[in-house]
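The structure appears below as structure tokens.
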Amino acid sequence: MNKRIFLSVLVLLSALFLPVRSVSESVVQDSPQGSIDFWSDYGADELSRALTERMTDEELLAQVFMFGWAGAEPSSLLRRWVTERGLGSVKVFGWNTDDIHSVARAIKTLQEESLRGRFKIPLFVATDQEGGWIRHVKGETQMTPGNMAIGASGYPIDAYYSGYYINKEIKALGINMNFAPVVDLYTDPKSSVIGPRSFGSDPAKVSILAEAFSKGSMDAGVIPTAKHFPGHGDTSLDSHGKLPVIDIDEETWRRRELAPFKFLISNRIPAIMSGHLSFPQIQGDGTPASLSRKFLTDILRGELGYGGLIITDDMMMNGATEYAGGLARAVGMAIEAGNDIVISSTTPGLTERLWTDNLARMTTSPDFRERVRDSARRILKAKLDYFKGPDPAPLFPDETTIDQFIPDRDGEKFFLEQACRAVTVYKGADMLPYKPEEGERVLIAGPFLSLYSEGKKRYPKATTFHYSYELAADRSNWDEWNATNLAGVARNFDTIIINVWDEHTANFCRRLRSLGKKVIILSIMSPVYVMEDFDWVDAIICGYSYSDYSFKALFAVLSGEIQAEGVLPL
């Protein structure tokens with residue numbers, strides 16, 4: 001063998017045994033410090049790693065935070081977080097969304113400012129647009145029948161198209177992440193914080209409906225987020241006020257609350273929200289799940305193999321901060337536990353302790369710094385996959401064109417059909433359809449305009465009686481007057497069609513029992529308030545929402561225009 005052939009073979013054999021580095025990885029690692037940014041043409045894995053290796057501690061920590069703002073326009077403070085710190089995400093809360101054009105304009109401004117940063121990293125822009133009761137983006141977006149109505153119809157296609165049309169609307173505003181679907185089981189009938197936000201009480205059905213909703217969201221171009229891990233349904237307490245304690249054993253939790261999350265993880269749900277919830281029989285020291293390494297790192301990451309984003313519920317809730325002894329400590333515990341994105345509904349000052357304490361800790365604790373870097377890397381990988389994917393939300397929404405997309409006209413047709421499929425006759429099917437006899441006096445009582453308008457379409461001679469939606473729990477003089485006045489007015493009628501949606505309006509309705517009149521209850525929101533002590537009424541029909549679609553469907557069933565198909569999902 002001559003010398004040239006020998007050297008060629010030697011080079012070839014050497015190449016076979018050298019560590020392999022992809023072309024793109026080699027280019028990224030060998031690139032000068034300032035030559036790559038978020039939009040560089042490399043793979044998401046390599047680029048996310050390269051960017052986090054080049055980022056300062058401040059840039060890494062800033063990616064972990066998601067802040068909201070008060071008012072129609074983002075404050076100068078929030079904008080400084082974006083421009084000076086490289087804030088990773090913002091959240092659109094429900095107090096600044098009546099003008100959707102203003103929302104689009106605000107998102108455009110914030111994204112423009114984010115792209116002026118050193119690495120040109122766009123923002124995740126999130127909101128809570130669950131459908132039904134929880135609808136943070138208001139304005140012209142649709143008030144839909146909601147999750148419990150989907151559970152009552154039982155059709156996965158209803159869940160899919162709900163997710164699709166809800167998210168198609170918010171996507172037009174530049175919102176790219178939705179904190180939905182709710183996968184909490186409705187296992188505590190007194191759960192006022194979850195209630196009709198749940199698909200129902202059956203783990204298998206909730207799993208299928210939540211997966212269909214998530215798929216609809218992704219097909220619309222918005223990242224879905226399953227919540228509230230490990231399960232918020234078996235408590236009547238709201239973690240906004242105090243830490244709910246869910247006193248169930250681990251076997252029950254795994255068989256019940258965990259099931260929908262496990263199913264969604266197997267179907268690659270991209271984000272999960274951790275809840276401020278205590279499970280003392282599972283973690284004996286009472287640590288909230290949102291601050292628990294056992295729940296988030298050992299079980300969610302380790303045991304279930306979840307690789308997506310973990311996002312806290314709002315850290316301004318007392319359920320988290322009171323346990324930790326303060327917001328700064330709660331934020332540090334949340335990061336340590338395994339959360340990737342930490343939410344604050346308010347914009348903190350640039351020198352507040354949630355920033356300074358945790359930034360200082362990055363310099364003294366290599367483990368904590370690596371935990372922050374790991375989250376930043378996961379966030380950047382998710383952003384790269386999304387924003388360089390086939391159908392992301394617009395970075396710079398055009399406020400002059402969003403009226404073409406909101407409300408979605410195809411969605412309007414769908415949500416009416418969905419509401420009709422959901423209506424459930426709980427009692428009195430034998431008296432339907434209801435047709436008043438000649439001269440029968442009918443009273444329609446409740447607080448909603450669509451209750452009156454839809455009722456008067458079918459029963460034009462009916463009289464209406466209005467009372468407030470916000471009936472006080474302490475039975476104030478105004479509410480007492482309403483209740484007494486209703487009973488007095490009802491004496492002059494033969495049939496009362498009355499709206500019930502909570503404990504107070506159920507008690508309000510019970511004032512009619514002694515009158516001996518025909519009573520028809522139109523139940524909205526959770527049906528649990530009409531499931532006991534109403535054997536004396538003639539009919540109970542459940543619609544699960546105060547949307548216009550639900551009232552149209554309720555009266556269509558009552559008058560016999562359509563047959564009720566829904567099944568109580570509890």
Examine distances only and state if a side-chain atom of Tyr386 and a backbone atom of Gly221 form a donor-acceptor pair shorter than 3.5 Å. yes
Pairs where residues 386-396 contributes a residue and the test salt bridge (Lys or Arg N to Asp or Glu O under 4.0 Å) is met, not counting sequence neighbours: Lys171-Asp391
Quick check: do Met218 and Arg268 have side-chain heavy atoms less than 4.5 Å from each other? no
Polar side-chain atom of Thr141 near backbone of Val137 as donor-acceptor pair, under 3.5 Å: yes
For Tyr186, look at atom OH and say whether over 12 heavy atoms of other residues, nucleotides or ligands are found less than 6.0 Å away. yes
Could you tell me whether Arg135 and Glu130 have a side-chain N and a carboxylate O separated by less than 4.0 Å? no
Can you check whether Glu257 reaches Pro230 side chain to side chain, under 4.5 Å on heavy atoms? no
Flag, side chain of His276 to backbone of Asp314, donor-acceptor distance under 3.5 Å: yes
Compute whether any side-chain donor of one residue and acceptor of the other, for Ser214 and Glu211, lie under 3.5 angstrom apart. no
Taking NZ, NE, NH1 and NH2 as the nitrogens, is one of them in Asp57 or Arg373 under 4.0 Å from a carboxylate oxygen of the other? no
Hey, does the side chain of Lys294 reach the backbone of Ile282 with a donor-acceptor pair shorter than 3.5 angstrom? yes
Between Tyr323 and Thr287, does a side chain to side chain donor-acceptor pair (under 3.5 Å) hold up when you go through it step by step? CA-CA 7 Å; Tyr323 176 86; Thr287 304; 2.8 Å; yes
Would you call Ile341 and Ile379 a side-chain contact if the rule is heavy atoms closer than 4.5 Å? yes
pair Phe38-Leu115: side-chain heavy atoms closer than 4.5 Å: no
So, Gln129 and Lys138: side-chain donor and acceptor under 3.5 Å apart, yes or no? no
Side chains of Ile194 and His228, heavy atoms from C-beta outward: is any pair under 4.5 Å? yes
Donor-acceptor pair, Asp313 side chain versus Ser274 backbone, under 3.5 Å? no
Between Glu169 and Gln142, does the side chain to side chain donor-acceptor pair (under 3.5 Å) criterion hold? Intermediate values first, please. CA-CA 9 Å; Glu169 287 187 344; Gln142 297 189 71; 3.0 Å; yes
The test is side-chain contact (heavy atoms from CB on, under 4.5 Å); show your working for Gln63 and Lys383 and say whether it passes. CA-CA 11 Å; Gln63 277 300 306; Lys383 286 184 176 182; 3.0 Å; yes
Atom CZ of Arg301 with >12 non-hydrogen neighbours under 6.0 angstrom: yes
Kindly indicate, with the supporting measurements, whether the criterion salt bridge (Lys or Arg N to Asp or Glu O under 4.0 Å) is fulfilled by Glu46 and Arg49. CA-CA 5 Å; Glu46 307 96 291; Arg49 291 182 181 279; over 6 Å; no
Can you tell me how far apart OG (Ser526) and CZ (Arg197) are? Round to the nearest 0.5 Å. 13.0 Å
Ring-face cation contact, Phe199 with Lys205, 6.0 Å cut, 45° max: no
With rounding to the nearest 0.5 Å, note down the distance linking OG1 in Thr52 to CG in Leu47. 9.5 Å
Can a salt bridge be assigned to the pair Asp374 and Arg378 using a cut-off of 4.0 Å between side-chain N and carboxylate O? yes
Are there over 12 heavy-atom neighbours, none belonging to Phe387, within less than 6.0 Å of that residue's CZ? yes
For the pair Tyr160 and Tyr164, name the ring-plane relationship: parallel under 30°, tilted 30 to 60°, perpendicular over 60°. parallel
Can you tell me how far apart OG1 (Thr356) and CG (Leu359) are? Round to the nearest 0.5 Å. 8.0 Å
Do the two ring centres, one from Phe261 and one from Phe229, sit under 6.0 Å apart? yes
Could you tell me whether the side chain of Leu51 reaches within less than 4.5 Å of the side chain of Ser48, counting heavy atoms only? no
Rounded to the nearest 0.5 Å, what separation is found between the CD1 atom of Ile170 and the NE2 atom of His136? 11.5 Å
Distance check, rounded to the nearest 0.5 Å: Ser345 atom OG versus Met317 atom CE? 8.0 Å
Check: Tyr544 ring centroid to Trp133 ring centroid under 6.0 Å: no
Under 3.5 Å, side chain of Ser217 to main-chain N/O of Phe213, donor-acceptor pair present? no
Mark yes when over 12 heavy atoms from residues, nucleotides or ligands other than Arg256 sit less than 6.0 Å from its CZ; otherwise mark no. yes
Heavy atoms from other residues, nucleotides or ligands near CZ of Arg85 exceed 12 (cutoff 6.0 Å): yes
Are Asp340 and Arg371 packed together at the side-chain level, in the sense that at least one heavy-atom pair is separated by less than 4.5 angstrom? yes
Does Asp45 have any side chain to side chain contact (heavy atoms under 4.5 Å, CB included) partners at least two apart in sequence or in another chain, and if so, which? Lys381
Testing the 3.5 Å rule here: is there a donor-acceptor pair between the side chains of Ser198 and Asp184? no
Tyr306 side chain vs Pro270 backbone, donor-acceptor pair below 3.5 Å: yes
Charged N to carboxylate O under 4.0 angstrom, Arg254 versus Glu251? no
Quick check against the 3.5 Å criterion: does Ser40 have a side-chain atom that pairs as donor or acceptor with the backbone of Tyr42? no
side-chain contact (heavy atoms from CB on, under 4.5 Å) between Phe405 and Lys168, worked out: CA-CA 8 Å; Phe405 306 102; Lys168 191 178 174 187; 5.7 Å; no
Would you say the ring centroid of Trp81 lies under 6.0 angstrom from that of Phe67? yes
Thr127 side chain to Val92 main-chain N or O, any donor-acceptor pair under 3.5 Å? yes
Tightest non-hydrogen contact, residues Thr297 and Gly338, listed as OG1-CA, 3.8 Å
Verdict with reasoning, Leu243 to Ser278, per side-chain contact (heavy atoms from CB on, under 4.5 Å): CA-CA 7 Å; Leu243 180 64; Ser278 173; 3.8 Å; yes
Can you see whether Phe93 has Lys91 sitting over its ring - NZ or CZ less than 6.0 Å from the centre and within 45° of the normal? yes
Distance in Å, Leu209 CG paired with Tyr155 OH, rounded so as to fall on 0.5 Å steps: 12.0 Å
Would you tell me whether Asp247 and Gln281 have side-chain atoms, one donor and one acceptor, within less than 3.5 Å of each other? yes
Any non-hydrogen side-chain atom of Trp69 less than 4.5 Å from a side-chain atom of Thr346? no
Given Thr312 and Asn339, is the side chain to side chain donor-acceptor pair (under 3.5 Å) satisfied, shown in steps? CA-CA 6 Å; Thr312 71; Asn339 291 283; 5.4 Å; no
Quick one: does any side-chain atom of Ser365 pair with a main-chain N or O of Met362 as donor and acceptor, under 3.5 Å? no
Test side-chain contact (heavy atoms from CB on, under 4.5 Å) on Ile265 and Leu300; report intermediate values, then the result. CA-CA 9 Å; Ile265 289 168; Leu300 192 54; 3.6 Å; yes
With the threshold set at 4.0 Å, does a side-chain nitrogen-carboxylate oxygen contact exist between Asp128 and Lys227? yes
